[in-house]
Amino acid sequence: MIELLLEPFGYQYMIRAIWVSALVGGVCAFLSCFLMLKGWSLMGDALAHAIVPGVALAYLLKVPYAAGAFFSGLLAALAMALVRVRTQLREDAVIGIVFTTFFAVGLLIVSINPTSVNVQSIVLGNILGISDEDVVQVAIIAAVSLVVLVARWRDLMLVFFDENQARSVGLSPTRLKILFFMLLSACTVAALQTVGAVLVIAMVITPGATAYLLSDRFGRLIWIAVGLGVVTSAAGAYASYFLDGSTGGLIVVFQTVLFLLAFVFAPKHGRLAAARAARAVSEPAP
Amino acid sequence: MNAFAPGLPAGAGISPSISVEGVTVRYASGVTAVTDASFSLGAGTICALVGINGSGKSTLFKTLMGFLKPARGRVAIAGLPVRQALKRGLVAYVPQAEEVDWTFPVLVEDVVMMGRYGHMGFLRLARQVDRDAVKQALARVNMLDFRKRQIGELSGGQRKRVFLARALAQGGQVILLDEPFTGVDVKTEDAIVALMRELRAEGRLMLVSTHNLGSIPEFCDQVVLINRTVLAAGPTETTFTQANLQRAFGGALRHFRLGGAALHDDKDERRVTVITDDERPLVLYGERDRETLASGGKENGNGGNGDKDAGVKGGTP
């Protein structure tokens, strides 16, 4: 039995898939703490789709795909900011227009040059078949992002909570927000390899949302979210060996299961706790 | 108190002041919100910023916070350009309740700690002096017992006090308060006013935007009336007059006047004027064009004398 459970660790590609997934899952979870608090959750989804044309072009031009992805992600973020400032449209409409446009352009590029890139690996991810080169790229992106986040999370928290106060202690909200979106674009690129463009959104929302139900303190919330991200991502990669299923699908299913558990059983914000509180109010102690 | 409290910034020796000279602020949309506004305030002042909604109060606040840059004119805080004043932590801001996300996962003490960021190092790690400053600030607004609560679990008045505590922990010498009395009960309002008086005695400068016209004479020594520009600025006694208020508010104020037959059977010329901008009303009493504050009597020596004068004159037509 033990032997069977240890079997995946006998394969170099499995070990690599597990630690790369864990690293990416951890950084994405860190970002998720910020993203879900601002009502920007769909931003992650939008960026993931907006990256596709960059990746396709990068393959076409034979430059590192991360550079192309990063560039087109940034371009999409700027386009969204521009449309939002210059029109009265609501945020969801702006995000919807920009990301579908980018995604469409990406599919178009891929369909005109069918040999350039495997669409499926962009859309669904392919961590088990990740190349050495890509591992290096993903690892560097994730590690750098993690270091920046650990150093600057308090400043980012203040900007997300209260921009005026951030300004009054001498921080620049604009600069910090740009930093945040750069990190988000970079990590979305990294996550693309693990879970694919479609499921990236879960990686940058679900762990934060779960942790939100479990803590009222931002610092602790980050720890919980990163822990969940690392464990579910590693477990997803590991389990995909036995189930022969999609790694991305498993990771997100694990994350969702944990979210549901928190939703029901969280000590303060869960449904059971809420029901208990409601009962305590309606039936005061004799 | 707390002459050497850790809550005071390195720049505590600086004398706080605000100087706004011929400031015009234009938004990116091309709308000019404030034109050629000028006023100046010195240390140990509580100044009310009064005007209708859309008169440019928040624009002015944003300009003082460095969020908006004036298209023309100059703003200086403690003699420094706004950006430098902010860098030195001289300006603290107490936001309106609507501006805050109350569901944010932070505890009361976390919020107050945010006031200390300017005093911390690159990684914003709290040292003992920061924790002490937070505790002291919370104690001062009587919120120490609530420090482990998530901010959304507090009442309106408690929320206000948390953000006041943050301004204290920051050690801001210039404190901007945006509608501090909205959604706050009378007891909290009194507590906030008492605290502001203490801070004034310490030499700090407070600029308060408020619709609470009635209480302005009680605790503000200066008033700035604004409607797209500064209409009048100066000491409360000479500036906060009915004529100026009418200019600032036009027809936007609720205005009741009771006099003559509605108030007396005799020929008494005195009348009661109630001016209100939705919150606590301003009540004036006396003959036409000689009305004085009816509510200022208990707090404000001038108001009290004014009442008496009006009474004497009214009695001998």
Side-chain angles (χ1 to χ4, degrees), chain A residues 32-40 81-82 84-88 147-176 208-225 262 266-269 277, chain B residues 9 28-29 58 61-62 64-67 77 82-96 99-111 113-126 148-153 163 166-167 169-172 174-176 178:
Chain A
S32 74
C33 299
F34 293 96
L35 211 53
M36 55 117 199
L37 281 172
K38 249 321 198 199
W40 286 349
L82 188 77
R84 224 180 80 92
V85 172
R86 297 286 169 212
T87 68
Q88 305 282 324
V147 168
V148 174
L149 281 170
V150 166
R152 299 251 63 86
W153 72 267
R154 287 187 172 87
D155 287 4
L156 285 169
M157 171 183 77
L158 180 51
V159 167
F160 275 61
F161 177 61
D162 188 344
E163 280 188 33
N164 288 320
Q165 177 66 15
R167 223 168 261 125
S168 94
V169 295
L171 297 175
S172 160
T174 318
R175 241 180 276 164
L176 281 160
T210 310
Y212 182 75
L213 297 175
L214 296 172
S215 178
D216 282 338
R217 293 201 91 151
F218 201 76
R220 209 166 295 163
L221 188 141
I222 290 175
W223 277 113
I224 297 173
K268 190 168 161 196
H269 300 296
Chain B
S29 57
S58 42
F61 267 26
K62 285 178 190 163
L64 289 170
M65 297 289 301
F67 186 22
I77 292 172
V82 172
R83 184 176 280 272
Q84 274 188 43
L86 290 172
K87 275 252 154 71
R88 298 171 78 154
L90 294 176
V91 189
Y93 175 72
V94 180
Q96 276 188 60
E99 287 173 27
V100 178
D101 175 6
W102 299 104
T103 65
F104 207 89
V106 283
L107 306 186
V108 166
E109 60 179 12
D110 298 334
V111 170
M113 188 60 89
M114 289 176 190
R116 298 295 304 169
Y117 274 30
H119 304 264
M120 296 177 179
F122 182 75
L123 294 178
R124 317 281 178 212
L125 296 173
K148 297 287 180 194
R149 295 276 189 95
Q150 195 267 332
I151 48 167
E153 296 165 9
F163 282 89
R166 185 175 73 177
Q170 184 175 342
V174 174
I175 305 177
L176 307 176
D178 203 353

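With a 6.0 Å cutoff to the six-membered ring centre and a 45° limit on the axis angle, A:Arg152 counts as a cation-pi contact of B:Phe122.
Under the 4.5 Å side-chain criterion, counting only non-hydrogen atoms from C-beta, A:Phe161 is in contact with B:Val106. In this structure, the side chains of A:Leu149 and A:Leu156 come closer than 4.5 Å at one or more pairs of heavy atoms. Counting only heavy atoms from C-beta outward, the side chains of A:Ile222 and A:Met157 never approach each other to under 4.5 Å.
Applying the 6.0 Å contact sphere to CH2 of A:Trp223 captures no more than 12 heavy atoms from other residues, nucleotides or ligands.
Contact count against chain A (heavy-atom pairs under 4.5 Å) is highest for B:Met65 among B:Lys87, B:Met65, B:Arg149, B:Gln84. Counting heavy-atom pairs closer than 4.5 Å to chain A, the top-ranked of the candidates B:Ala85, B:Pro105, B:Gly115 is B:Pro105. Put simply, of B:Leu107, B:Leu125, B:Val91, B:Leu123, the one with the most heavy-atom pairs under 4.5 Å next to chain A is B:Leu107. Contact tally against chain A (heavy-atom pairs below 4.5 Å) for B:Phe61, B:Tyr93, B:Tyr117, B:Phe163: the top residue is B:Tyr117.
Residue contact with chain B, scored on non-hydrogen atoms closer than 4.5 Å, involves the side chain of A:Asp162 exclusively. Neither the backbone nor the side chain of B:Leu176 has a heavy atom closer than 4.5 Å to any heavy atom of chain A. For A:Tyr212, the part lying near chain B is the side chain, with the backbone staying farther off; criterion is any non-hydrogen pair under 4.5 Å. With a 4.5 angstrom heavy-atom cutoff, A:Leu221 touches chain B only via side-chain atoms. In this structure, no portion of A:Arg220 lies under 4.5 Å from any heavy atom of chain B. Neither the backbone nor the side chain of B:Ser29 comes within contact range of chain A; no heavy atoms are under 4.5 Å apart. Interface residue B:Val111: only side-chain heavy atoms are found under 4.5 Å from chain A. No part of A:Lys38 comes within reach of chain B, as not one of its non-hydrogen atoms sits under 4.5 angstrom from that chain.
At a threshold of 4.0 Å, the pair B:Lys148-B:Glu153 does not count as salt-bridged, since none of the basic side-chain nitrogens sits closer than that to a carboxylate oxygen.
Evaluation of the side-chain hydrogen bond (donor to acceptor under 3.5 Å, both in side chains) rule for A:Arg154 yields no partner, not counting sequence neighbours. When the side-chain hydrogen bond (donor to acceptor under 3.5 Å, both in side chains) test is applied to A:Arg84, the partners found at least two apart in sequence or on another chain are A:Glu91.
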